[in-house]
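Data block below; observations after.
Each ligand, and each atom within it, is numbered from 1 in the order the structure gives.
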Amino acid sequence: MTKTFIRGRLLSFLRRPDAIDDAASYRYEEDGGLLVEDGRIAAVGPYAQVRAAAPEDAEEIDHRPHLILPGLIDTHLHFPQMQVIGSYAANLLEWLNTYTFPEECRFVESAHAARIARHFYDEMIRHGTTTAVAYCSVHKASADAYFAEALARGMCMVGGKVMMDRNAPQGLLDTPQMGYDETRAVIAEWHGKGRNHVAITPRFAITSTPAQMEMAAALAREFPDLHIQTHLSENHDEIRFTSELYPDAIDYTDVYAKYGLLGHKSLFGHCIHLSDREADAMSEAGAVAVHCPTSNLFLGSGLFPLKNLSRREKPVRIAVATDIGGGTSYSMVKTMDEAYKIQQLLGERLNPFDSFYHMTLGNAEALSLADRIGTLEVGTDADFVVLDAAATPAMALKMEVVRSLTDELFLLQTMGDDRAVRETYVAGRPMKAGL
Ligand code: GUN
Ligand code: ZN
């Protein structure tokens, strides 16, 4: 049995903070100890207490003065879009047609998919992301590469072979039957293998015919525990086109509802322009709106009404994500920096505790995986990150005047990126040092 004893400043959340001074929403241990046994957290608490009870042969790693948090979670990104990042386009549909679809065609080649998968996981680890939820491409080979690499690294990953059968280049189309068969094959080969979770992934209403949506509905009925992921209400032209393609639906959300895709394991990327009726429907179904701030700003898609959705009478569950390659950074702290600025433009506040809750426990709850990840609770998987708020000369200078945990977190969020991630532990193993 491998045993490691980790020392540092431990911060983890118990629930979403109601306000910046809601100290009961998190647990903070100034001199904390974390005992890891066989990839799980075996004990956690004050250093002296946990050390006294720990086996003597446990190797000790001292990360003081750095912060240790649960591994960061990214709930929406596209693994075949690593070479799409930073493509110069006016809006979503132009960006998809000009850059993204042609690039994704390359994933028909397994060797290319395997190479990009290696880079993908390197970037996740470099940025402190221990779990991500990815769209692969339409090709089964891309999902195979994605899950094989997750398995090799022991990471808890969610992903899906994209289903799309219209409004894209020929090399990127399946058929309703192929989408169904290949998704079933991916589930059979990868779901539950290691820490892999397969998601049913119709790309969005524009690229799926009603016949394909029927097949996605059939998969959702056959595999009710699987995540479902798609895009919803990102851009006005997208919304207009969708209503032309699905004239019988009341609105965009209703397209997915009609096919049984609106449930508590459903993750809807963007959700920027929802009507009250749509937000009510999302809330009643327990579906999750996934906020992707860097992408929304980069593509000019709009300002996500975080507070209006999450604090309304019928609240909508919220997750946060990078949306690589519409998104511009792999960093979840950078992502929350941009989320903060979006809320500033809307006249709302997003406090640093709320931000760090969202990157960790909040996203784990949104994925219904909080019993395994997003916390430092005993018995959960030992995925955690070591963050250094003085990682760069400019950050170190600012740290000289930082006096509180609140301000330290806010500095990490505002100036931090992969350089602030000193180490990333996956199932108790340090992964970043070896990159
Ligand atoms: N809508 C459908 N596909 C995509 C995609 O790849 N990125 C974004 N941002 N929106 C989408
Ligand atoms: Zn997306």
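Between NE2 of H76 and NE2 of H231, the angle at the Zn ion (ligand 2) works out to 100°, rounded to 10 degrees.
Heavy-atom minimum distance, A339 versus H291: CB-NE2, 3.9 Å.
At under 3.5 Å, a nitrogen or oxygen of Q81, whether backbone or side chain, sits near a nitrogen or oxygen of ligand 1. For ligand 1, the polar-atom distance check against R203 finds a nitrogen or oxygen pair separated by under 3.5 Å.
Here the N, O or S atom of D323 that is nearest to the Zn ion (ligand 2) is OD1.
Near E234, with a cut-off below 4.0 Å to any heavy atom, the atoms of ligand 1 are 1 (N), 8 (C), 9 (N), 10 (N), 11 (C). Heavy-atom contacts of D323 reach the following atoms of ligand 1: 8 (C), 9 (N) (cutoff under 4.0 Å). Listed by atom number, the atoms of ligand 1 under 4.0 Å from F204 heavy atoms are 1 (N), 2 (C).
In this structure, the protein non-hydrogen atom closest to atom 1 (N) of ligand 1 is H231 CG, 3.4 Å.
Under 2.8 Å from the Zn ion (ligand 2) lies no N/O/S atom of H270, from backbone or side chain alike. Residue side and main chain included, H78 places an N/O/S atom under 2.8 Å of the Zn ion (ligand 2).
Scanning for side-chain hydrogen bond (donor to acceptor under 3.5 Å, both in side chains) contacts around R372 gives D381, with sequence neighbours left out.
A heavy-atom separation below 4.0 Å is found between H270 and ligand 1. Residue contact check for ligand 1: W95 places a non-hydrogen atom closer than 4.0 Å to it.
Side-chain contact of E338 with T294: a donor-acceptor pair under 3.5 Å is absent, judged by distance alone. Between the side chains of T253 and E278, a donor-acceptor pair is found at a separation under 3.5 Å.
Using cut-offs of 30° and 60° for the angle between ring planes, the F120 and Y146 rings count as tilted.
F356 and Y26 have their aromatic ring centers separated by at least 6.0 angstrom. Checked against the 6.0 Å centroid threshold, H270 and F304 do not count as a close aromatic pair. A centroid separation of less than 6.0 Å is found between the aromatic rings of H78 and H231. Side-chain rings of F107 and H112 approach one another, their centers coming within less than 6.0 Å.
Looking at H78 against ligand 1, only its side chain comes within 4.0 Å, counting heavy atoms. Contacts of T207 with ligand 1, taken as heavy-atom pairs under 4.0 Å, are absent altogether.
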